[in-house]
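Below is one structure, written out as structure tokens; the observations come after it.
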Amino acid sequence: MTFRTGPGGGRERGRTPLRLRRSATAWERQTPTWRDARPALVDGALKRALARPSGNWYVLGDSRAVRPGAPFGRTVAGVEVVAWRDGGGRLLAGPGACPHLGAPLRDSRVRCGTLICHWHGLALNGGPFAGWEPFPAYDDGVLAWVRLDEAGGEEPLDRPILPERPRPSSAVSSVYTGTGVCEPEDVVANRLDPWHGGWFHPYSFVDLRVVGAPGAGPDAEAAEAADADDAFAVEVSFKVAGRVVVPVTAVFTAPEPRTVVMHITEGEGEGSVVETHATPLGPDPLGRPRTAVVEAVVASSGRPGFTAARAAAPLLRPLMRAAAARLWRDDLAYAERRWHLRSTGRFPG
């Protein structure tokens, strides 16, 4: 196999996506990024993200987790939710307590698309019944969503605000879910700080350079005011083994208050998407907020061999989830630390 190098590790196109770094910089000898990662810049991007509409839509989880014939339960924004599929596979959702005596419907049964309470047999087909009112639900093919108008308090939208994705027929998708003691804004803030990648995740990222950020140019005020410019562009190389890397350019945007999307715009996997969704759950036994991170990776490639990769999707998904879990082990620690400092009045940002 032949590797090609370009300036700084190389972004020249070749027959293989792999590149060989000319010189590996020791972790401690990287160029410090703390001056560029200005707290006001990150906070400004975060505030603009939090001000965008969501239409009261929240990610429940992996669409595949809501399987035919079984209920799926999760508390979202303090609201107990149950979801299931009707006889045609359509996603249904509603309050998670049975309207009869409050049984947990997540532990009930689904028969022929009808949710049947396991305490006394009360049957719900997804329509209103005995004071039980369904919640709007949406399945985008990768993620399952629920709309909670009372919890969200915004003008409702008919469907979630979805980013552009590769065509399902030409992509492989996987979904990772983790939980942390923090609020959604702490997760979003983590994703709007791309400068930490090479320092905090050296096992995955090298040669990271932020080449575009809102408010980082000569006309900072105008850039921060324009949503069109509200994006972070990053050149980075994913580590494979030793000095072997895969360089890409990625752009991070926040289309709504609980979502940050990374689009690969150049390099291997161009057009691929990583969506990070932060779903508030409810307080833990100590009264601390809990947030679910639901990260969807929708990968695509124009290389002929990707057809075989798509055929092996069931084998690839656990590997993709494991890679996401390793990164989020660190990033949830970042989000939890941020919340802890905020909650005690010690956050320096």
Side-chain angles (χ1 to χ4, degrees), residues 27-28 30 32-54 56 58-59 61 74-81 148 150-154 176-205 208 210 213-216 220 224 230 232 252-254 256-260 262 275-295 324-349:
W27 177 84
E28 67 276 8
Q30 297 180 83
T33 57
W34 64 268
R35 290 183 178 87
D36 295 326
R38 292 185 286 115
L41 193 158
V42 176
D43 185 60
L46 174 64
K47 286 179 178 176
R48 292 190 296 278
L50 298 178
R52 294 185 182 116
S54 71
N56 303 327
Y58 298 82
V59 170
R74 169 159 282 162
T75 298
V76 177
V79 179
E80 192 177 3
V81 177
L148 302 175
E150 187 172 340
E154 300 178 14
Y176 160 81
T177 301
T179 303
V181 176
C182 60
E183 294 179 331
E185 74 162 77
D186 301 301
V187 173
V188 174
N190 168 268
R191 304 303 284 156
L192 295 179
D193 167 20
W195 292 274
H196 76 270
W199 289 97
F200 206 32
H201 309 296
Y203 49 83
S204 288
F205 306 124
L208 187 150
V210 178
E224 290 185 2
D230 213 357
F232 294 84
F252 294 78
T253 57
E256 58 111 80
R258 291 179 291 275
T259 299
V260 177
M262 182 189 79
E275 301 174 16
T276 303
H277 302 272
T279 299
L281 301 178
D284 68 6
L286 298 177
R288 302 173 302 179
R290 295 168 62 252
T291 294
V293 174
V294 184
E295 186 162 274
R326 186 179 187 187
L327 288 168
W328 275 107
R329 177 192 62 197
D330 293 338
D331 281 335
L332 272 173
Y334 176 125
E336 290 183 326
R337 174 67 174 176
R338 186 180 188 275
W339 174 82
H340 175 69
L341 292 175
R342 287 195 306 111
S343 67
T344 55
R346 296 184 291 137
F347 183 60

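- Here NE2 of His196 is found 6.5 Å from OH of Tyr334. Values are rounded to the nearest 0.5 Å.
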Leu327/Phe205 under side chain to side chain contact (heavy atoms under 4.5 Å, CB included): CA gap, chis, key distance, verdict:
CA-CA 10 Å; Leu327 288 168; Phe205 306 124; 3.9 Å; yes

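- With rounding to the nearest 0.5 angstrom, the OH atom of Tyr58 is 9.0 Å from the OG1 atom of Thr279.
- The shortest distance between side-chain heavy atoms of Phe200 and Asp331 falls below 4.5 Å.
- Residues Leu46 and Val188 meet the side-chain proximity criterion, which asks for heavy atoms closer than 4.5 Å.
- Using modelled atom types, no side-chain atom of Ser204 and backbone atom of His201 make a donor-acceptor pair closer than 3.5 Å.
- Of the possible polar contacts, none joining the Trp195 side chain to the Trp34 backbone as a donor-acceptor pair under 3.5 Å is found.
- Within the 4.5 Å cutoff, the side chain of Arg258 has heavy atoms near those of the Pro280 side chain.
- When all heavy atoms of Ala151 and Val79 are compared, the closest pair comes out as CB-CG2, 4.4 Å.
- With sequence neighbours excluded, the residues that form a side chain to side chain donor-acceptor pair (under 3.5 Å) with Asp284 are Arg288.
- Formation of a donor-acceptor pair under 3.5 Å by the Asp36 side chain with backbone atoms of Thr33 is not found in this model.
- Between the side chain of Arg191 and the backbone N or O of Val187 there is no donor-acceptor pair closer than 3.5 Å.
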For Val293 and Thr177: C-alpha separation, side-chain torsions, deciding distance, then whether side chain to side chain contact (heavy atoms under 4.5 Å, CB included) applies.
CA-CA 5 Å; Val293 174; Thr177 301; over 6 Å; no

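- To the nearest 0.5 Å, atoms CG (Leu192) and CZ (Arg48) are separated by 9.0 Å.
- The line from CD of Glu336 to OG1 of Thr179 is 9.5 Å long, rounded to the nearest 0.5 Å.
- Judged by distance alone, with hydrogens and angles left aside, the side-chain atoms of Thr291 form a donor-acceptor pair with the main-chain N or O of Cys182 at under 3.5 Å.
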Might you work through the side chain to side chain contact (heavy atoms under 4.5 Å, CB included) test for Arg326 and Tyr203, ending with a clear yes or no?
CA-CA 10 Å; Arg326 186 179 187 187; Tyr203 49 83; 3.4 Å; yes

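- Between the side chain of Glu295 and the backbone N or O of Tyr176 there is no donor-acceptor pair closer than 3.5 Å.
- Considering every non-hydrogen atom in both Leu341 and Pro348, the closest pair reads CD1-CD, 4.4 Å.
- Taking 4.0 Å as the cut-off between side-chain N and carboxylate O, Arg342 and Glu185 count as a salt-bridged pair.
- A pairwise comparison of heavy atoms in Leu281 and Thr75 identifies CD2-O, 3.2 Å as the closest pair.
- Looking at heavy atoms from C-beta onward, Trp199 lies in side-chain contact with Trp27 at the 4.5 angstrom threshold.
- No donor-acceptor distance shorter than 3.5 angstrom exists from the side chain of Glu183 to the backbone of Asp186, with no hydrogens or angles considered.
- Remark: Thr259 OG1 to His277 NE2 distance equals 4.5 Å, nearest 0.5 Å.
- Every residue two or more places apart in sequence or in another chain that forms a side chain to side chain donor-acceptor pair (under 3.5 Å) with Glu154 is listed here: Ser54.
- The line from CG of Leu332 to CH2 of Trp339 is 14.0 Å long, rounded to the nearest 0.5 Å.
- For Ala49 against Ala254, the heavy-atom pair with the smallest separation is CB-CB, 3.6 Å.
- Checked for salt-bridge contact, Asp230 and Arg52 meet the test: a charged N lies under 4.0 Å from a carboxylate O.
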